[in-house]
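First up is the structure itself, then whatever we jot down about it.
Only a predicted model underlies this, so the values are computations on that prediction, with no experimental measurement involved.
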Amino acid sequence: MFRQLMCAVLVACIANTGFAQKQSIRQTMSQAYQYNKELAAERENVKVITENVIESFSEFLPTVTATAQRGREISNRKGSGISKVNDISDSQTLSASLPLFNGLGSLNRYKRERQNVAAAAARLAAIEQEVLLNSVIAYMNVVRERETLLLSKKKEAALQKHYDGTKTRFDLGEITQTDVAQAYTRLTRAVTERIQAEGDFATSQAVYMRIVGADPAGLYLGVDDPFNKEPKIEPLVHEALENNPQIKVAHYNLKAAKYDVHNKRASLSPSVTLEADKSWREGGFLGDGISDIDEQSIMVNVSVPLYQAGAEYSRIRRAKRQRSKVRFDYEEQQNLIREAVIRAVHDYRVSVSSIKTNEANVRTAQTALDGLNHEVQAGVRTTVDLLDAEQELFEAQVLLLRSKRDRIVRAYNILAQLGRLTAKAQELDVPYFDAQQYYDGVKFDLVTF
């Protein structure tokens, strides 16, 4: 019974102190992958673009149409053996049409739409990486602002204690009114900084909830760096040029533009269509004593465009210009990715180095503050010196927090540039959306909706 009572007390204490189980950064990415609305919308966009492939594939298939009519037909005719007909008329028609050749326009449209689907899948991967990177940023921002708030409260408490002690010493005649005013000024500044830190912390929590869809509970500062050693620029640039989703988007767009030119050229070619019809008619006025009609026909229709007011040539020129534009976009995207990788690696190196520098600065500032406390009590140093030391320690601690946050964010930014920051590449414990698998499941789905 005593043990159960102690367990209950412990649980209550944990609940009251706001203790939460640790939330890893991988768990945060998993939640963002499943919740984020921008990512969900992009998945639906892939499905929309996939339908264009199915629509283009339908151009190879026949169309079949059936029509039927029934009604009373009244006819008055002069100069014939039948002067008046008032009869029930039935007619049915079955028509089929099969395209045989259209200058390979349908084939090139189908190939173009396949490339557009591949580009949409690559764009989805880019959005996925952006969402996961934003979830990492949101995670680290919450931790940074929370720790900054704790430092601000600690600083405010220290300055409050110092201000109270200053007033006591002033009442005893040990210091002047100037010392009290200086202590009060620093205290009010600390209060403002604490209020600002509270606002920043609340904002970071709101951003986290928007991206991840969950309360930021259990987040911690000691997140593991995904790089065990310093990354090398050249192999990373090569990897990024091969795997970055934005480059893949540009690559597939270029291939789609090439097929689009061939598709537009097909408008200058002859088209061949096979058409078959069968019709029945009974009743009504058929003439010459005929009581019903049963007809069937099979025709091969050949259409040769001679002149179409010049619009087809304009469409071809526009497609060529679009292909040139997309080629330049592809080359520019390669340059941008190369630049982004180099910048990301250098930024990461700076953040690693700054952590060591800021840790040394914190130790130095703490040592200086400890020494100044004794010197002020001995009357060797002034209150201003002590307040300056408090501020220097606070600023050094904040800079250390920022550098630790920057190191993790910049490391994951490198992964994003390399195309490694996807749910599958990170082996997140989530059900993956596979654009290719979705396409394979619906590409022959021509009779349902």
Side-chain angles (χ1 to χ4, degrees), residues 33-34 36-66 95-132 242-267 269 271-276 315 319 322-323 326-327 329-330 333 419 422-425 427-428 430-449:
Y33 181 81
Q34 297 179 88
N36 189 268
K37 304 309 178 185
E38 180 184 5
L39 186 55
E42 194 61 31
R43 293 190 190 111
E44 295 302 313
N45 185 55
V46 170
K47 297 177 183 179
V48 170
I49 295 177
T50 299
E51 295 300 323
N52 293 336
V53 179
I54 303 171
E55 183 180 333
S56 65
F57 182 73
S58 68
E59 294 183 3
F60 297 99
L61 304 178
T63 58
V64 181
T65 305
S95 302
S97 177
L98 176 65
L100 301 178
F101 180 76
N102 64 349
L104 301 180
S106 296
L107 177 61
N108 284 295
R109 183 193 171 191
Y110 175 75
K111 291 181 177 180
R112 181 192 68 193
E113 298 304 335
R114 285 293 305 273
Q115 298 305 316
N116 285 337
V117 168
R123 192 176 300 109
L124 173 63
I127 297 296
E128 180 181 329
Q129 290 204 139
E130 181 182 339
V131 168
L132 295 185
E242 290 290 331
N243 300 324
N244 186 280
Q246 294 291 359
I247 288 185
K248 290 183 178 181
V249 171
H251 171 71
Y252 291 127
N253 283 342
L254 178 58
K255 295 182 71 173
K258 291 178 180 178
Y259 287 125
D260 190 52
V261 173
H262 298 314
N263 173 261
K264 296 300 187 293
R265 284 176 176 166
S267 62
S269 301
S271 60
V272 182
T273 306
L274 177 64
E275 296 184 355
R315 286 191 286 267
Q322 180 67 18
R323 180 183 60 187
V326 173
R327 181 184 296 110
D329 290 340
Y330 174 59
Q333 192 63 51
T422 63
K424 198 167 188 178
E427 298 180 349
L428 301 181
V430 293
Y432 305 130
F433 174 81
D434 190 327
Q436 183 62 45
Q437 183 179 8
Y438 175 80
Y439 169 76
D440 292 337
V442 301
K443 62 182 178 182
F444 297 127
D445 196 356
L446 301 169
V447 293
T448 61
F449 54 88

To the nearest 0.5 Å, what is the distance between [atom1] on [X] and [atom2] on [Y]?
X	Y	atom1	atom2	result
E275	L100	CD	CG	10.0 Å
R327	R323	CZ	CZ	6.0 Å
S269	F101	OG	CZ	5.5 Å
S106	L61	OG	CG	10.0 Å
I127	T422	CD1	OG1	14.0 Å

Over 60° means perpendicular and under 30° means parallel, so classify the ring planes of Y110 and F57, tilted if in between.
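Tilted: the ring planes of F57 and Y110 meet at 30° to 60°.
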
Can you name the side-chain contact (heavy atoms from CB on, under 4.5 Å) partners of [X], sequence neighbours left out?
X	answer
V64	L94, A96
L107	F60, L104, K111
Q436	D434, Y439, D440

Determine the minimum heavy-atom distance between [X] and [Y], stating which atoms define it.
X	Y	result
T273	S97	CG2-OG, 3.2 Å
N263	R109	ND2-CB, 3.4 Å
V46	A435	CG1-CB, 3.9 Å
Q34	P431	OE1-CD, 3.9 Å

Atom NZ of K424 with >12 non-hydrogen neighbours under 6.0 angstrom:
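No, not enclosed.
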
Only counting residues at least two apart or in another chain, list the ones meeting side chain to side chain donor-acceptor pair (under 3.5 Å) with [X].
X	result
N36	none
S95	D277
Q322	none

Non-neighbouring partners of [X] that pass salt bridge (charged side-chain N to carboxylate O under 4.0 Å, His left out), sequence neighbours left out:
X	answer
E38	none
E51	none
R112	D260
K47	E44

Less than 3.5 Å apart, which donor and acceptor atoms pair up between the side chains of residues 115-126 and the rest of the protein, not counting sequence neighbours?
unit_1 : atom_1 : unit_2 : atom_2 : d
N116   : ND2    : E113   : OE1    : 3.3

Lys/Arg cation over aromatic Y33: R43, 6.0 Å, 45° cone
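Satisfied, under 6.0 Å and within 45°.
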
Considering only distance and modelled atom types, tabulate donor-acceptor pairs under 3.5 Å from the side chains of residues 244-257, sequence neighbours left out.
unit_1 : atom_1 : unit_2 : atom_2 : d
N244   : OD1    : Q246   : N      : 2.8
N244   : ND2    : Q417   : O      : 2.8
N253   : ND2    : V249   : O      : 3.3

